[in-house]
Amino acid sequence: MVGSLLGPAWPLQGNELMQLAVALLLAAVCGEAVARLLRFPRVTGYSLAGLLMGPTLLGWFGPADLDHVRIAIDLALALLLFELGVRLDIRWFRANPWVLGSSLAESSITFVVTYLLMRGMGYPNGLAATVGAIAIGTSPSVVM
């Protein structure tokens, strides 16, 4: 009863939804900072925020945590890929066919290098291939 008169217990305890909200806010801030300060696409900042908060660095999120918010992750990824699709102009390929060739080469190299790095770190084939495919879509040169 005394704790309720003085305010909430400290440090604040949140649930999965609160954790997701804070992570999305930090990702948005990181994306905006990368866009304004470094002139990189926002998706680069989002990726850096995920890397920072993930199990490899700070450990705010682990595989078990991601299962609880899978629908939010899928929706966010769908929106990101939709945004990329809206910005793609097919007429570029007719005007300059080398754009298509260099894009395919860059995408292939991105996938292979990412896949090999993931495998070299001991991750399974499926995860390495998935991360390689995501790396293709989030590569800054593809986004730009």
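- A single hydrophobic cluster is seen to contain both Trp60 and Leu52, as judged by linkage of ILVMFWY side chains at heavy-atom distances under 4.5 Å, directly or through other members.
- Nearest approach of Gly45 to Cys30, heavy atoms of both residues: O-SG, 3.3 Å.
- In this structure, Leu79 is not a member of the same hydrophobic cluster as Tyr46, with clusters built from ILVMFWY side-chain heavy atoms closer than 4.5 Å.
- In terms of heavy-atom proximity, Met53 sits nearest to Ala23 at CE-O, 3.6 Å.
- Residue Leu51 comes nearest to Leu57 through the heavy atom pair O-CD1, 3.6 Å, listed as atom of the first residue, atom of the second, then distance.
- Considering all non-hydrogen atoms of both residues, Arg42 and Gly31 come closest at CG-O, 3.4 Å.
- Note on Leu75: it does not cluster hydrophobically with Val86, by side-chain heavy-atom contacts below 4.5 Å among ILVMFWY residues.
- Residues Glu106 and Ser102 bring no donor and acceptor atom of their side chains to less than 3.5 Å of each other.
- Under the 4.5 Å side-chain heavy-atom criterion for grouping Ile, Leu, Val, Met, Phe, Trp and Tyr, Tyr115 is connected to Ile136 within one hydrophobic cluster.
- No single ILVMFWY cluster, assembled from side-chain heavy atoms under 4.5 Å apart, contains both Val113 and Phe111.
- A 4.5 Å side-chain heavy-atom check between Asn125 and Arg119 finds at least one atom pair inside the cut-off.
- Under the rule for a salt bridge (charged side-chain N to carboxylate O under 4.0 Å, His left out), Arg94 has no partner lying at least two apart in sequence or in another chain.
- For the atom pair Thr114 OG1 and Ile134 CD1, the distance stands at 10.5 Å (nearest 0.5 Å).
- No side-chain heavy atom of Phe40 sits under 4.5 Å from any side-chain heavy atom of Leu48.
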